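Scroll down for the structure; my scribbles are underneath it.
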Amino acid sequence: MTDRIPGFSTLAIHAGAQPDPSTGARTTPIYQTTSFVFDDVDHAASLFGLQAFGNIYTRITNPTTAVLEERVAALEGGTAALAVASGHSAQLLTFHAMMTPGDNIVAANKLYGGSINQLNHSFKSFGWNVKWADAEDPQSFADLIDDRTRAVFIESLANPGGVVTDMAAIAEIAKARNVPLVVDNTMASPYLCRPIEHGADIVLHSLTKFMGGHGNSMGGVIVDGGSYDWSSSENYPMLSKPRPEYNGMVLHETFGNFAFAIACRVLGLRDLGPAISPMNAFMLQTGIETLPLRMQRHCDNALKVAEYLDGHDKVSWVSYAGLPGDPNYAKHQKYMPKGAGAVFTFGVKGGYDAGVAVVSNCEIISHLANIGDTRSLIIHPASTTHRQLTDEQKTAAGAGPDVVRISVGLEDAEDIIADLDQALASIKG
Amino acid sequence: MNHDSYPDTYIRDILDGVKTIALVGASANTVRPSYFVLKYLLSKGYEVIPINPGQAGKEILGQTVHASLADVPVAIDMVDIFRNSEAAGAVVEEALRLPTLPKVIWMQLSVRNDAAARLAEDKGLKVVMDRCPKIEYGRLSGEIGWTGVNSRNLSAKRPVLKSGFQHRGLATSKSPQD
């Protein structure tokens, strides 16, 4: 290839995936192996000492998974990536590399319910604290950042509320306080929005969703933006201090602008262990090849469905940034003009019971707890994903009793609308 | 040369064209980046000569350490500088006094001295700053992708495997071990 910069669709197909050097196989083989032989003891020592590029053990690297990693890094415009078992484990390893007991994360209050649980409960047992900022008020992040804040964490497009986060404003605040900005880009995908271009330092995904896109494989990824100077303070010892795990090596000094991805791999993934299976990596990278096509259709269908719901007399409100009257419309136009994503919420008249009735009566729209499938999916968050939260937290997270969340799939939009039409008709009163 | 952004072809031509590399600031400490780079470049078939006055006469990875560039008994193709940006200036001046001029001055990640670069370029040398030859070789050969790093290389050609398992040469042209 010449020095021409390839386009997004080309990267989605080619990045990371040359033909297999041993066999010439054009599609990346599934290297379903736990381990890799060494040339000799010196080669082994070089690999264990991080002095050579190569494979040791599939918990740490795998050639199939490496293709997925390089591809996502390319699509997000990052320096490197690390694929792991799930989006949740991507968050665990990211914060593991940044946090020591007593530190805190300033996080947007509009996050996926599972992330709110992880930050509120599981992370607290590590001594990692969380402070919740108002996702729609960048100044609230500035007010909460203190000397022990090690990360600002937001979603580019918040799940489930359809809130487009003002990333550039929050990035500016984080930068002024020298705190890295971590952005979960699961709902938008890099096709709609590339957070690194708006000031993000680290980008995370649940690859399980739109990236893989077929609802068949779990995976997560950490993308290193290469932008944060980990040695600019004493706050990130995993990156800026000699590591006893590697005889005193300093990771940032050694690996430069992809040191964060390396730290997550050789400290976090090595020791905590949430490795993705090569099979899942293969399924996810195959899905990514059609990401641009799928994501555009997801968005086009979602807009049609949102317009239909907006005009329905049993629907009290629709929160979809793609609707011109929506409070998030201007931010959608700024950050993700190709589409406002395919997941949004709407309120049904009749509250909790009406919400339950709609999700129970859909015929082709599946009632389940996932998003970003080829299939349309629907859920009533108050009774499922956000059930563990208090009523106050539910409302703050955009998951009140009347809220129904839909992930619009790739079926014919007319069929999705017809299914919703008969489900809404089942609401009593 | 625009030293903010190098075309891949420029870096590839350098890594393909040099054979003997003097590594200034070579360390015997096995976790220092200069040791890593020395070891990696040796494994790729380059002749690498460590330069470090404190280690002169000793060996690192079987290579005799010299105190200065002037002490190296053979012609040097490339000077790879593991010193800070200011100190790099004196190294470049020393390199430009050698009886046989090197072809390339390479300054490592975070090392940049534009005045020294101009001096070298005026004498016809190629200059690379704020880059690592290990990372660039790994990137251009695709090897670095094994670690999830964005190599920024796309190719539908079958990669060339070199001697030894898990060793690749540069993707589209001959590497120095051919």
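Keep in mind that the numbers below use all heavy atoms, side chains included, and drop hydrogens, waters and symmetry copies. Note that the structure is predicted; figures quoted are calculated from it, not measured. Numbered from 1 within each chain, the chains take letters A, B, ... in sequence-line order.
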Would the distance check show the side chain of B:Asn150 and the main-chain N or O of A:Ala80 forming a donor-acceptor pair, the cut-off being under 3.5 Å? no
When the 4.5 angstrom heavy-atom criterion is applied to A:Ala25 and chain B, the contacting part is neither
Any side-chain heavy-atom pair from B:Thr30 and A:Gln51 closer than 4.5 angstrom? yes
Proximity breakdown for A:Thr65 and chain B, heavy-atom pairs closer than 4.5 Å: neither
Using side-chain contact (heavy atoms from CB on, under 4.5 Å), reason through A:Phe258 and B:Ile135 one step at a time and then give a plain yes or no. CA-CA 10 Å; A:Phe258 56 90; B:Ile135 289 172; 3.7 Å; yes
Side chain A:Glu253, main chain B:Arg32, donor-acceptor under 3.5 Å: no
Looking at B:Ser155 and A:Arg26, what are the two nearest heavy atoms and their distance? O-NH2, 4.1 Å
Distance (rounded to the nearest 0.5 Å) between B:Phe36 CZ and A:Met249 CE: 3.0 Å
B:Pro159 and A:Pro19: which non-hydrogen atoms are nearest, and at how many Å? CD-O, 3.1 Å
Largest heavy-atom contact set with chain B, pairs under 4.5 Å, which of A:Thr23, A:Leu68, A:Thr61: A:Thr23
Step by step, would you call A:Arg265 with B:Thr147 a side-chain contact (heavy atoms from CB on, under 4.5 Å)? CA-CA 9 Å; A:Arg265 184 188 302 278; B:Thr147 315; 3.9 Å; yes
Structural part of A:Ala52 lying under 4.5 Å from a heavy atom of chain B: backbone
Correct closest heavy-atom pair for B:Gly148 and A:Ala73 would be O-CB, 4.4 Å
For A:Ala66 and B:Gly145, work out which heavy atoms get closest and say how close. CB-O, 3.2 Å
So does B:Arg83 have more than 12 non-hydrogen atoms from other groups sitting under 6.0 Å from CZ? no
Out of A:Leu50, A:Val266, A:Asn62, A:Val223, which one racks up the most heavy-atom pairs below 4.5 Å with chain B? A:Leu50
Tell me, yes or no, whether the heavy-atom count around A:Phe8 atom CZ, taken from other residues, nucleotides or ligands under 6.0 Å, exceeds 12. yes
One should read off an interatomic distance between A:Leu47 CG and B:Trp146 CH2, to the nearest 0.5 angstrom, of 9.5 Å
Return all side-chain donor-acceptor pairs below 3.5 angstrom for residues 93-109 of chain B, not counting sequence neighbours, or 'none' if the list is empty.
{"from": "B:Glu94", "atom 1": "OE2", "to": "B:Leu69", "atom 2": "N", "distance (Å)": "3.0"}
{"from": "B:Lys103", "atom 1": "NZ", "to": "B:Asp77", "atom 2": "OD1", "distance (Å)": "3.3"}
{"from": "B:Trp106", "atom 1": "NE1", "to": "B:Arg131", "atom 2": "O", "distance (Å)": "2.9"}

Select one option (side chain, backbone, both, neither) describing which atoms of B:Ser110 are under 4.5 Å from chain A's heavy atoms. neither
Tell me, with the steps shown, if B:Val149 and A:Thr79 meet side-chain contact (heavy atoms from CB on, under 4.5 Å). CA-CA 6 Å; B:Val149 174; A:Thr79 54; 5.8 Å; no
side-chain hydrogen bond (donor to acceptor under 3.5 Å, both in side chains) involving A:Ser89 - partner list, sequence neighbours excluded: A:Ser86
Check A:Pro6 against B:Leu154 and note the closest heavy-atom contact, atom names and distance. CG-CD1, 3.6 Å
Given that the side chain runs from C-beta out, which part of A:Asn257 has a heavy atom under 4.5 Å from chain B: side chain, backbone, both or neither? neither
B:Lys39 versus A:Asp42: any side-chain heavy-atom pair under 4.5 Å? yes
Side-chain donor or acceptor of A:Gln18 paired with backbone N/O of B:Gly142 under 3.5 Å: no
Give, as side chain, backbone, both or neither, the part of A:Ile262 having an atom under 4.5 angstrom from any heavy atom of chain B. side chain
Check whether B:Arg152 reaches the backbone of A:Ala74 with its side chain - one donor and one acceptor, N or O, closer than 3.5 Å. no
B:Arg158 side chain to A:Pro21 backbone, donor-acceptor under 3.5 Å: yes
